[in-house]
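Below is one structure, written out as structure tokens; the observations come after it.
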Amino acid sequence: MRGESRDVFATPEGNLEAREYLRPVRARVKGAWQFVDTDLARSAHGGVAPRVATVELAFCGGGDTPLVRMLKAARELALLWPQKLPAPVLEGPRATCREVLPDVDLRVEAQEDGFTQLLVVKSAEAAAHEKLSDLLLKPAADGLDVRETLGGSLEAVDKGAPRRSQRRPDLRAGQGWADIPTEVPAGN
């Protein structure tokens with residue numbers, strides 16, 4: 001028996017043995033299990049997506065489409081960048097949009113079940129840039145309400161029941177939204 005994060009098999013002695021993985025190692029694609037492959041490829045609609053992941057994940061291929069779109073279980077979350085993005089440079093699971101601000105690159109990376117993002121600030125002048133501290137990323141959610149909890153974490157709620165939650169991210173520290181986008185100043 002197989003799942004995203006589990007193998008169960010019979011041993012020669014007739015016992016069942018289970019192997020559990022911390023992260024998904026395979027995903028169901030068109031009814032068949034495939035090993036996860038987070039290397040990015042350009043898609044027919046102009047975006048960028050991992051070859052095989054447990055969530056439907058798409059990064060912006062340039063322009064004014066959402067920076068990230070994630071879909072799972074008929075629920076969609078998107079993270080919107082406030083301006084048009086240049087076409088990304090792809091390297092394995094990473095897509096880098098160069099010079100989104102002077103001396104600042106935006107890097108997103110596909111994971112088995114989500115993504116991370118990072119602003120690469122390449123100089124002290126760039127770190128002091130007014131637009132960097134004022135940068136707001138906006139969420140868009142279909143089928144979920146995204147809100148901040150009293151403790152500062154983020155929660156996506158479907159019909160009153162929490163679906164996922166995660167602490168507030170800091171883009172400059174490289175902490176990512178594995179699941180939940182929100183409107184957060186990049187300088188926090």
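Rounding to the nearest 0.5 angstrom, the gap separating the CD atom in E112 from the CG atom in L57 is 11.5 Å. Rounding to the nearest 0.5 angstrom, the gap separating the CZ atom in F9 from the CG atom in N15 is 11.0 Å. For the atom pair CG (L40) and CD (E91), the distance works out to 10.5 Å, reported to the nearest 0.5 Å. A distance of 6.0 Å separates CG in L67 from CG in L85, rounded to the nearest 0.5 Å. Within the model, atoms CG of L90 and OG1 of T96 stand 8.5 Å from one another, a figure rounded to the nearest 0.5 Å. Note that the SG atom of C60 and the NZ atom of K84 stand 10.5 Å from one another [nearest 0.5 Å].
In this structure, V8 and R6 approach most closely via the heavy-atom pair CG2-CD, 3.7 Å. The two atoms that bring P86 and R98 nearest to each other are CG-O, 3.4 Å, heavy atoms only. The minimum heavy-atom distance between A141 and L77, with the atom names listed, is CB-CD2, 3.6 Å. Taking both residues in full, the closest heavy atoms of Q111 and R23 are given as OE1-NH2, 3.3 Å, listed atom of the first, atom of the second, then distance. In terms of heavy atoms, A126 sits closest to P102 at CB-O, 3.5 Å. Counting all heavy atoms, side chain and backbone alike, V36 lies closest to A27 at CG2-N, 4.3 Å.
Environment of CD in E130: sparse, with no more than 12 heavy atoms of neighbouring residues, nucleotides or ligands closer than 6.0 Å.
For the pair W33/E4, a side-chain contact is recorded, criterion being any heavy-atom separation below 4.5 Å from C-beta on. For the pair M70/F115, a side-chain contact is recorded, criterion being any heavy-atom separation below 4.5 Å from C-beta on. Side-chain contact between V100 and D105 is absent, with no heavy atoms from C-beta onward closer than 4.5 Å. Looking at R2 and R26, their side chains come closer than 4.5 Å, going by heavy atoms from C-beta outward.
Partners of E99 according to the side chain to side chain donor-acceptor pair (under 3.5 Å) rule, which considers only residues two or more places apart in sequence or in another chain, are K122. For Q83, there are no side chain to side chain donor-acceptor pair (under 3.5 Å) partners, not counting sequence neighbours. Taking R28 as the reference, nothing meets the side chain to side chain donor-acceptor pair (under 3.5 Å) condition, with sequence neighbours excluded. E125 is linked by a side-chain contact (heavy atoms from CB on, under 4.5 Å) to S123, counting only residues two or more places apart in sequence or in another chain. For K131, there are no side chain to side chain donor-acceptor pair (under 3.5 Å) partners at least two apart in sequence or on another chain.
Between D39 and R94 there is no salt bridge, since none of the side-chain N atoms of the basic residue sits less than 4.0 Å from a carboxylate O of the acidic one.
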**Message:** Determine whether W81 and V68 satisfy the following criterion, side chain to side chain contact (heavy atoms under 4.5 Å, CB included), listing intermediate values before the conclusion.
**Reply:** CA-CA 9 Å; W81 189 257; V68 177; over 6 Å; no

**Request:** Show the numbers, then the answer: is there a side chain to side chain contact (heavy atoms under 4.5 Å, CB included) between L132 and L119?
**Result:** CA-CA 9 Å; L132 185 62; L119 284 175; 3.8 Å; yes

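Applying the side chain to side chain donor-acceptor pair (under 3.5 Å) test to pairs two or more places apart or on separate chains, those with a residue in residues 44-68 are S43-H45, E56-R69.
Neither V48 nor L71 shares a network with the other; the hydrophobic side chains, linked directly or stepwise wherever heavy atoms of I, L, V, M, F, W or Y lie under 4.5 Å apart, form separate groups for each.
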